[in-house]
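Excluded from the calculations below are hydrogen atoms, water molecules and symmetry mates; all remaining heavy atoms, backbone and side chain alike, are included. As the structure is a computational prediction, the values presented were derived from the model and not from experiment. So that the names make sense, note that chain A is the first sequence line, chain B the second, and so on, each numbered from 1.
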Amino acid sequence: MYDHQRIETKWQKEWRDSHLYRVGEDQTKPKYYILDMFPYPSGTGLHVGHPKGYIATDIFARLKMMQGFNVLHPIGFDAFGLPAENYALQNKMHPKTATDANIVTYKRQLEILGFTYDWEREINTTDPEYYKWTQWAFLKMFEAGLVFESYEPINWCSSCKTGLANEDLEDGKCERCGTLIEQKPMRQWVIKITDYADRLLNDLDKLPDWEESIKEMQRNWIGKSEGAEINFSVKDSELKIKVFTTRVDTIFGCTYVVLAPENKLVEEFKTKITNWSQVAEYIAAVKNKTNLERTDLNKDKTGVKLEGLKVINPFNGTEVDVFIADYVLNSYGTGAVMAVPAHDERDFEFAKKYNIEIKFVIESKEKKGFIYSVPNGFSKELARHAELNDKIILHGQEGFLIDSGEFTGLDSASARTKMVEWLKKNNCGNGKINYKLQDWVFSRQRYWGEPIPIIHCNKCGAVPVPYEQLPLTLPDVKSYEPSGTGESPLATISDWVNTTCPKCGGPAKRETNTMPQWAGSSWYYLRYIDPKNNEALVNKQKEKYWSPVDFYVGGAEHATRHLIYARFWHKFLFDIGVVNYEEPFQKLKAVGLIIGEDGRKMSKRWGNVINPDEVVAKYGADALRLYEMFMSPFSDASAWNTNGLIGVRKFLDRVYNISVSEEIDSPAVVNVLHKTIKKVADDILDFKFNTAVSAMMILVNTVYEQGGKMNKANYALLLQILAPFAPHLTEELWANIGAKGSIFATIYPAYNPELMKDSMVTVVVSVNGKVRANLNLPAGISEEAAMTVALENDIIKKWLDGKTIIKKIFVPDKLINIVIK
RNA sequence: GCCGCGAUGGCGGAAUUGGUAGACGCGCUGGACUUAAAAUCCAGUUCUAGCGAUAGAGUGAGGGUUCGAUUCCCUCUCGCGGCACCA
């Protein structure tokens, strides 16, 4: 057993003192930028799951260094936002005090794991010198017209007492505290991320090295759908209802139109509506529903007819009724839909309930003239209603148009094209693309965030804080508890709030909302490149040298939050010339969760949290590093198992205990050694750490089978390939064998293809596909020679006895298959 | 409902241009060492039958292609993740 505590402390100090991991813009070497999603320092410190990704990138970074790359592998802390503030509130501390203390803990915990971080590049999103540039980018967006003030109802968390973006919700609940979200009208700063929707979507195709699942999540989140907007004019009025649909081809089957209850048009129709009290009552009832109640798919569809109102289908002049119903969302499309109950499940349900006409306009592709496409949930009852009985089956909705005027007979797709042309020509609509992605609600009514650098002037409106006044620092405040009134605690500091207008010099007030948690993390990877720059967000030359991030590793839970925001922010910076690449992260890998030994998520609540400090103290950082890489494929979730950890520790002890000499190694050891050199490097670059570790175990097992001793030069090679995984132990053993300098200053060993080759190979002989014998033959043996040996083999002879050979298959150095009858 | 991913021993997992299924580790069994234990080392460990050589079965289920399928195709079941009254 080696003394891991002594060795690990010693080398960590050594590395620190020699600045081994300090990097600059070395033009003589190719650069490699590998990045982890930086931690959010919580009060409970790290558990063993957190560093898994950091260990992987560290191994990768060390290998790249040894392969001659200039590697940037930085770390920092993301510390603004709700979790830190809520933690501080709970513990009756100032958020800054709490955050600083947590960062100290995190740094200590990271340092004992022996990472290659260049701590001179450490960043912290709550540092005014950092958030100066978060504010700067915000102002640039403001300048570019991407930022606006909105008074629309937004997601409101009554427990966190703040508005939230769509991305901050999970199942209609607050992602942080689980409280049901309500819709509350409130003044908000909003960023037009939707202006970038198309680029965010299309550019995913430029990222072949991103995990497909994450790209798919983003595609779902952006939710592009192509369709048309159509104006239905209101009878006896100048007013119009604009609807969005992806199925213009079904418009001849439209038998009513539905508005979202919150749609502003409803108010405009007030004078025409004869049942206003009923309508008003419904709108009020909907307002009281939570989002969750409203979007419950199992509930019955409800709605109210707007009596006295008729709209006209532009295609056929048909007059149809108008309803308001909460199954139509005001936030998507135009907040109004044309309803085609024959070909839409939701409209069908509603129409059935309110006894509205169902008109079929799409004929089945498969059985022309007979079978109609209808929504799922269709019943025989409806068949009678529609007088179509046997002609109706349940299946998809694309087909050929019937009863559709001049468009009859066209297939759905070409009908849509023709109909959009028709709409344009007749000036009553147009093609339209909609996104599920909504604009980014960017203000929080909380204390612990970057102040939004805007000044409100009665004369000049919203005026940006001049660039030279940045950073606009977060002032100290006595009570930082959220007020719940829609104002942040900053509103109570009158000498901060009251200021003068930068434009007219008149009295004005500062914006008191702060930025969301995701602001600072949207561009932090750029700051590592140039962390102390006072003149610019990042120096152009340095940016050019290091950009883009070659490899980004982190949790898949950020797919539709951080990763969308960061891509957006980066594209904006590209547009204003700050960065020279359109996509910030070239390659992306998701890290799999480490769960508790009991199979549950590690949490205080279950008492199954494994603390890395204890593991490091007992088994060493190298064992922890090696184990986390060995336990499962990198992106898979997997349960902690202390016995498994002990297993890899045994392996390290075996490496330590090998007796080194000048004697020549057996060919078996040399052969496996060179195979392992190749496999380990290939596997690390492929993020297949588990098989890399297993390959090294096989090598060491071979060494022990051959007597447990190894030639010094060969032992040095073993240390070099193990070094990225177990940096402390290998550095120590490297010194022990008398090698000069740090093992990480050496060039990663090259394998010798000649020594890797096997002289003898096992060729399996199967009869009718079943393995019957193994032959040990010289590598590269000819088909003829191998077949002769096989046919003379006693076991094979027995199987072939009395049978006719139909076919003989030969795969060089692998197998022979004899087919008999 | 839609989209994506997955299912291999007691457990984590390995095996891809289709070619010995179960590498490596854990666990378990036996042995050596020890007064004893731990540690270490050695041997065994998919299941069934057999003392054994060996034979049969076997990668979620069923079917197909093939000399040969964990791997390719079809149908289904279960599990995980994402999206979801998005028109």
Decide whether a cation-pi geometry holds between A/Lys52 and A/Phe634; the criteria are a distance under 6.0 Å from NZ or CZ to the six-membered ring centre and an angle within 45° of the ring axis. yes

Residues at least two apart in sequence or cross-chain that pass side chain to side chain donor-acceptor pair (under 3.5 Å) with A/Glu597, listed by chain then number, are none

Using only modelled atom types and a 3.5 angstrom limit, is any donor from either the side chain of A/Asn220 or the base of B/C83 paired with an acceptor on the other? no

Have a look at A/Arg654 and say if it touches a base, only the backbone sugar-phosphate, or nothing, with a 4.0 Å heavy-atom cut-off. sugar-phosphate

For the base of B/C67, is there a side-chain donor-acceptor partner from A/Lys808 under 3.5 Å away? no

Tell me what A/Ala637 touches on the nucleic acid: a base, only sugar-phosphate, or nothing, going by heavy atoms under 4.0 Å. sugar-phosphate

Heavy-atom closest pair, residues A/Leu259 and A/Val266: CD1-CG2, 3.9 Å

How would you label the contact of A/Val648 with the nucleic acid (heavy atoms, under 4.0 Å): base, sugar-phosphate, or nothing? nothing

Measuring to OP1 and OP2 of B/G82, would you say a side-chain N or O of A/Arg219 lies under 4.0 angstrom away? no

Short side-chain N/O contact from A/Asn701 to OP1 or OP2 of B/G25, under 4.0 Å: yes

Ignoring the backbone of A/Glu216, work out which of B/G82, B/C3, B/A87 is nearest its side chain. B/C3

Test item: side-chain donor near acceptor, A/Ser412 and A/Asp249, under 3.5 Å: yes

Assign each of A/Val693 and A/Val819 to its nearest nucleotide of RNA chain B by heavy atoms, then name whichever residue's nucleotide is nearer the 5' end. A/Val693

With heavy atoms under 4.0 Å as the rule, sort A/Gly647 into base, sugar-phosphate or nothing. sugar-phosphate

So which nucleotide from B/C83, B/C24, B/A21 ends up closest to the side chain of A/Val771? B/A21

Closest to side chain of A/Lys650, choosing from B/A14, B/A23, B/U40: B/U40

Among B/G13, B/C26, B/C24, the one nearest any side-chain atom of A/Asn641 is B/C26

Decide, for B/G60, between syn and anti: a glycosidic angle within 90° of 0 counts as syn, anything else as anti. anti

Which nucleotide in the list B/U20, B/C26, B/G13 gets nearest to the side chain of A/Asn643? B/C26

Looking at A/Lys814, I'd like to know whether one of its side-chain N or O atoms comes within less than 4.0 Å of OP1 or OP2 on B/G19. no

From the candidates B/G12, B/G19, B/C85, the one with an atom nearest any side-chain atom of A/Phe630 is B/G12

Quick note, A/Arg772 side chain, CB onward, closest among B/C83, B/A55, B/G19 is B/A55

Is it the case that A/Arg649 places NZ or CZ above or below the six-membered ring of A/Tyr627, under 6.0 angstrom from the centre and within 45 degrees of the axis? no

Would you mind writing out the side-chain donor-acceptor pairs for residues 553-562 of chain A within the sub-3.5 Å range, not counting sequence neighbours?
| residue | atom | partner | partner atom | Å |
| --- | --- | --- | --- | --- |
| A/Arg561 | NE | A/Glu167 | O | 2.7 |
| A/Arg561 | NH1 | A/Glu557 | O | 3.4 |
| A/Arg561 | NH2 | A/Glu170 | OE2 | 3.0 |
| A/His562 | ND1 | A/Ser521 | O | 3.4 |
| A/His562 | NE2 | A/Tyr552 | OH | 2.7 |

Would you call the rings of A/His343 and A/Phe360 parallel, tilted or perpendicular, where under 30° means parallel and over 60° means perpendicular? perpendicular

Under 4.0 Å, heavy atoms only, any strand: does A/Thr762 hit a base, just the sugar-phosphate, or nothing? base

Give the dot-bracket string for RNA chain B, reading 5' to 3', where a pair is Watson-Crick or G-U wobble with both distances under 3.5 Å, ( ) marks pairs inside the strand, [ ] marks pairs crossing earlier ones, | marks a partner on another strand, and . marks unpaired. (((((((..(((......[....)))((((((.......))))))((((....))))..(((((..]....))))))))))))....

Quick one: is A/Ser694 getting a side-chain N or O under 4.0 Å of the B/G13 phosphate, OP1 or OP2? no

Can you confirm whether more than 12 heavy atoms, excluding those of A/Lys675, are under 6.0 Å from its NZ atom? yes

Quick one: sort the A/Tyr327 and A/Phe350 rings into parallel, tilted or perpendicular, breaks at 30° and 60°. tilted

Regarding A/Val811, tell me which of base, sugar-phosphate or nothing describes its non-hydrogen contacts under 4.0 Å with the strands shown. base

Looking at B/C83, B/C67, B/A55, which one has an atom nearest to any side-chain atom of A/Trp799? B/A55

Determine: side-chain N/O of A/Lys770 to OP1/OP2 of B/G19, distance under 4.0 Å, yes or no. no

Remember a base hit wins even if backbone is also touched, and classify A/Ile698 as base, sugar-phosphate or nothing at under 4.0 Å, heavy atoms. sugar-phosphate

Please classify the nucleic acid contact of A/Lys436 as base, sugar-phosphate, or nothing, using heavy-atom distances under 4.0 Å. base

Base, sugar-phosphate alone, or nothing: which one does A/Asn690 contact when heavy atoms must sit under 4.0 Å apart? sugar-phosphate

